[in-house]
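First up is the structure itself, then whatever we jot down about it.
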Amino acid sequence: MLVDSVTILVKAGDGGDGSASLLRNAMTSKGGPDGGNGGNGGNVYIQGSHNITDLSEFRYKKKIIAEGGVDGRGKKLFGKNAVHVTTTVPWGTKITDLDSGAIIEIGDTTTPILIAQGGIGGLGNVAFKSAQNQTPRYAQKGGKGQERHLLLDLRFIAQVGIVGLPNAGKSSLLAVLTQATPKIGNYPFTTLEPTVGMLGTYAIADVPGIIEGASTGRGLGTTFLKHIEKTKVLVHCIDITSEDPKKAYETIRREFETYNPELLKKPEIILLTKADVVDEKGLQHQIKLFQKLGKTVYSSSIHDTKGIEALKHVLTTMLSAS
Ligand SMILES: Nc1nc2c(ncn2[C@@H]2O[C@H](COP(=O)(O)OP(=O)(O)OP(=O)(O)O)[C@@H](O)[C@H]2O)c(=O)[nH]1
Ligand SMILES: [Mg+2]
């Protein structure tokens, strides 16, 4: 299941308490202070990644908690600082602090962003020793780690959306463009959830088949149209062996128009799939029909490696320009 919005709790570690120990051994009955400082609590960082494509892991991981610093002890022993925790989220995730309303956009994949600061370790009584007070009997408590309630929103499930009628060859295309291994079947609605694969740094989503009436809830309904809204470029797959490829194209475009006309403005690649099944004459005939609509149209076969490489090039060029 694709998860595109979750709330989580983030809690940095508390600082360890300082120690108020006084030295006691066989040599001294009235020893001076020897309490060490507490360690610092762990920070929580969030970092963007291109390798995660949705927020599903946060369905179970609702809390991200860093450990506290260790308390200081006698014999001037300092408590250990806790290790920091870094959580990765998909690139483009929008984080909203539910208490303050502050917004953080994860638009970078190399710099961890500090989300919750760990508490500072408390000072032990050694630190309070002075000329006036040789034997301080107090120590500081560790500071509290910051706690935040956050809403994570996936901004882009992908830069590219592969759309089309059921059985058009969308998942097969994703499998040859990327390393993804979606389920492929010679029947409609093989794909029930979007699958995302990576072409270089670009995420490509194979969206379940859209049918006439999808915009008003037929088939798998509007759930996936929502995801298409977030993509930059569409690859519209049309099965060249279908009875009327132009009609197939127009059916999907009508659903876009009903759902959100903005979808019609997205840069698109019209792709006649399964080109290996028809002869050259049949292919050219269909290409001309689309060209009459004033559209640029490409054809593909999953068995034509060269053609797929050329398509990758067209896609990456479009993406770098958009
Ligand atoms: N000959 C040939 N067959 C193809 C090609 N691309 C896909 N197919 C076949 O078409 C059928 C449907 O492919 P899928 O990739 O599952 O189609 P889909 O659009 O993802 O289908 P849904 O998920 O049901 O919407 C499968 O039997 C594929 O093997 C192609 O380029 N050439
Ligand atoms: Mg599919």
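As the structure lists them, so they are numbered: ligands from 1, and atoms in each ligand from 1. All heavy atoms count here, side chains included; hydrogens, waters and symmetry mates do not.
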So does Lys246 have more than 12 non-hydrogen atoms from other groups sitting under 6.0 Å from NZ?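 Atom NZ in Lys246 is not crowded, with 12 or fewer foreign heavy atoms closer than 6.0 Å.
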Could you tell me whether any N, O or S atom belonging to Ser172 is less than 2.8 Å from the Mg ion (ligand 2)?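 No.
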Please find out if the Mg ion (ligand 2) and some N, O or S atom of Ser171 are separated by less than 2.8 Å.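 Given the 2.8 Å cut-off, Ser171 counts as a ligand of the Mg ion (ligand 2).
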Protein residue, atom and distance nearest to [atom], heavy-atom basis:
| atom | value |
| --- | --- |
| atom 30 (C) of ligand 1 | Ile302 CG1, 3.4 Å |
| atom 32 (N) of ligand 1 | Asp276 OD1, 2.8 Å |
| atom 27 (O) of ligand 1 | Asn186 CB, 3.3 Å |
| atom 14 (P) of ligand 1 | Ser172 OG, 3.6 Å |
| atom 17 (O) of ligand 1 | Gly169 N, 3.1 Å |

Show which atoms of ligand 1 fall inside a sub-4.0 Å distance from at least one heavy-atom site of [X].
| X | answer |
| --- | --- |
| Val277 | 1 (N) |
| Ser171 | 15 (O), 18 (P), 20 (O) |
| Gly209 | 25 (O) |
| Tyr187 | 24 (O) |
| Pro188 | 24 (O) |

Closest contact, heavy atoms only, [X] versus [Y]:
| X | Y | value |
| --- | --- | --- |
| Asp17 | Gly142 | OD1-N, 2.8 Å |
| Ala180 | Gly197 | CB-CA, 3.9 Å |
| Leu165 | Ala248 | CD1-CB, 3.5 Å |
| Asn43 | Gly118 | OD1-N, 2.7 Å |

Would the distance check show the side chain of [X] and the main-chain N or O of [Y] forming a donor-acceptor pair, the cut-off being under 3.5 Å?
| X | Y | result |
| --- | --- | --- |
| Gln286 | Gly282 | no |
| Gln140 | Leu123 | yes |
| Thr258 | Arg254 | yes |

Best match, Lys183, Lys274, Lys170: closest heavy atom to atom 9 (C) of ligand 1: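 Ranked by closest heavy atom to atom 9 (C) of ligand 1, first place is Lys274.
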Of Thr191, Ile184, Asn167, which has the heavy atom at the shortest distance from atom 29 (O) of ligand 1?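 Answer by nearest heavy atom: Ile184.
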Pair Glu309-Lys312, salt bridge (charged side-chain N to carboxylate O under 4.0 Å, His left out): steps then yes or no: CA-CA 5 Å; Glu309 285 308 313; Lys312 284 184 189 175; 3.1 Å; yes
Flag the pair Arg148 and Asp97 as a salt bridge only when some basic side-chain nitrogen lies within less than 4.0 angstrom of an acidic carboxylate oxygen.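 Salt bridge: yes.
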Taking distance alone, with no angle check, do [X] and ligand 1 share an N/O pair under 3.5 Å?
| X | result |
| --- | --- |
| Gly185 | yes |
| Pro208 | no |
| Phe189 | yes |

So if I apply the side chain to side chain donor-acceptor pair (under 3.5 Å) rule between Asn167 and each of Thr191, Thr273, Asn186, Asp239, which one comes out positive?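 So the option named by the test is Asn186.
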What part of Leu173, side chain from CB on, backbone N/CA/C/O, both or neither, has a heavy atom under 4.0 Å from ligand 1?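 It is neither part, as no heavy atom is under 4.0 Å.
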